[in-house]
Amino acid sequence: MPIESVLEFLWAQSWQISFAVIGVGAVCIALRRASAHWRYLLWLVVLVKCLVPPIWSISLFEVPETWRGVGRPPMSATEPSERETTGGAVMTATKPNVDQSRSDAKEVGIFGMATTASHWQGMARALVVLWALASVGYLLWALVKGWRIQRDLTAHRTFPDLELECEFVEMVQALGIRSRPRLCLIRGISQPFVWGVLRGCIYLPERFSREGSSRERKLILCHELAHVLRWDAMLNVLQIIVQAIFIFHPFVWWMNRQIRQEREKSCDEIAIAGLNVSPRTYASTIIERLAAYFEPAAPSSSLAVSGEYKEIEDRVKTILSENRIFRRRPSWLMTISCVILGALWIPAGMSPISNLAKAETERNRATFVDLAPEDGVTLSEVGMDGVPSGVVTMGSVPFRLSDHGLDLGGNEAQGGMVVSPEKPFARLHLLHATLDEAEETSIVARIVVRYADGANLSWPIRYGTHVRKSRFAEFRAVRDAHSSMAWTGTTLASRARNEALRLYRSSWKNPHPDKEVDLVRIENRDNQCRALIVAMTLE
């Protein structure tokens, strides 16, 4: 898998997991007096979502343009991506000739802060390597620890006596369970627990049958049996995998803790409802039997009826809360609601409009116009050799740039450009500047649109309104609301003159977006001020 794909998956999943954990956490607080099965099923939906990449995206909000490119290294101009090759049509003003000799495309901000692809790729590689080492290290630690525990349990386990086995069989029959799990006794442990990969086995302390009454032992066994029947051991393994993948994410660690707490409360409910005992009797059993006789010591990652004292206290408070209804299993309403929620939510993904959906849509509908070098000048000839090449977003509009532009001034051959669009367009975007100064609001060029029905439309390009001189020492804004300075940079020559370079993005809305267009012509209107056209995009 490419490095950028790994980073995209981790980035997209991480912030969506954050929203999911916060949302489900708030719902669980609201449902704190409801059945624990509700909360446990909701957390399982979040757990599964952590492992499922979004199949479709839902654009919910827009982020600033300066956030663009987070988690994705910029594209190289010599290796166009699928977005570049299929995202927009390419139209030539005369003959197609796109120079892609520069190997590092750049993401360019309004203040000329450009980051090369090689720099991004170096950072991405370091982050992926760091994540892989931490994730694999955590998995290896969990595997080695689990293997050692399994080895010790297999070597020292024995089978229970006939009396304890009969109690267990009687309890299983009372619950209507056809197949029962294996019971094992282990010397040296102080509390019962379930251990395994899929359903697991129930492990009991060697002295378990000699401590407490038969009723108390059945309650504790019923709790552990609930873990086996619900396949909690398999879900526990799934939690470890999710925690390894998102080892850097604090919300994932907190989510796993909440899942384990709600799992114990669900098993408490099953034991109370299954054996039809009062909540106070069951709570007393936990306090007296486990707190007094069984110290909270069991293998980590096992499913044990007891745990930290704060967790036991929280469970007891939940059990003894007023007007609680205890269920042996989730109700049909709970199950169907969570299944529907999972089916709609798990494969969906939230996406920032400008970072993902909006950017892709803009590129998909863009028609890039390449400027032919024989009818123009190289940008270095007019002192603009710092402009990047390739498909670059400037001023929120994607442009396809080469190192050539059109100087609409000087001799008659350079006095204009003609484009024949292949389809109607809604907007015309120019990336341009002037090579000379002019009077404010004077017309330096004109855009003429000729429709197939013979009608004409004209847009003036005014100095100070849409565009200004490419070299500048003092910033002055343009007046048009649909024009803005889209790129700035410097060269050795400009720095020697204490100047900077700039390009403007100007946009015009076509009042007849459905009408077929024969041609678009840009004419120079001021022989004393030369207009420089660097790129054009039709949308």
Any luck finding a side-chain donor-acceptor pair between [X] and [Y] under 3.5 Å?
| X | Y | answer |
| --- | --- | --- |
| Tyr138 | Gln243 | yes |
| Thr490 | Arg495 | yes |
| Asp232 | Tyr40 | yes |
| Asn510 | Tyr451 | yes |
| Thr441 | Arg462 | no |
| Arg257 | Gln239 | no |

Above 12 or not: heavy atoms from other molecules or residues under 6.0 Å from [atom1] of [X]?
| X | atom1 | result |
| --- | --- | --- |
| Gln150 | CD | yes |
| Asn456 | CG | yes |
| Arg497 | CZ | yes |
| Lys509 | NZ | no |

Quick check against the 3.5 Å criterion: does [X] have a side-chain atom that pairs as donor or acceptor with the backbone of [Y]?
| X | Y | answer |
| --- | --- | --- |
| Trp487 | Pro388 | no |
| Ser483 | Arg479 | no |
| Ser470 | Leu501 | no |
| Ser494 | Thr491 | yes |

Are the side chains of [X] and [Y] in touch, meaning some heavy atoms are under 4.5 Å apart?
| X | Y | value |
| --- | --- | --- |
| Ile461 | Leu430 | yes |
| Leu428 | Ile447 | yes |
| Arg148 | Val144 | yes |
| Val467 | Val444 | yes |
| Phe368 | Val391 | yes |
| Val449 | His512 | no |
| Val369 | Thr537 | no |

Do Glu262 and Arg39 meet the salt-bridge criterion of a basic N to acidic O distance under 4.0 Å?
yes
Taking 4.0 angstrom as the limit, do Asp436 and Lys469 come out as a salt bridge?
no
Trp508/His466 under ring-ring contact (aromatic ring centres under 6.0 Å, His included): CA gap, chis, key distance, verdict
CA-CA 11 Å; Trp508 289 269; His466 303 97; 5.4 Å; yes
What pair of heavy atoms forms the shortest contact from Gly405 to Leu379, and how long is it?
N-CD2, 3.9 Å
What's the verdict on side-chain contact (heavy atoms from CB on, under 4.5 Å) for Phe251 and Ser14, showing C-alpha distance, side-chain angles and the deciding distance?
CA-CA 9 Å; Phe251 280 177; Ser14 294; over 6 Å; no
In His432, His429, His482, the residue satisfying side chain to side chain donor-acceptor pair (under 3.5 Å) with Ser506 is His432
State which residue, out of Arg450, Arg521, Arg446, fulfils the side chain to side chain donor-acceptor pair (under 3.5 Å) condition with Ser458.
Arg446
Please find out if less than 6.0 Å separates the ring center of Trp254 from that of Trp43.
yes
Test log, rule side-chain contact (heavy atoms from CB on, under 4.5 Å), inputs Lys423 and Thr367
CA-CA 9 Å; Lys423 57 183 180 180; Thr367 299; 3.2 Å; yes
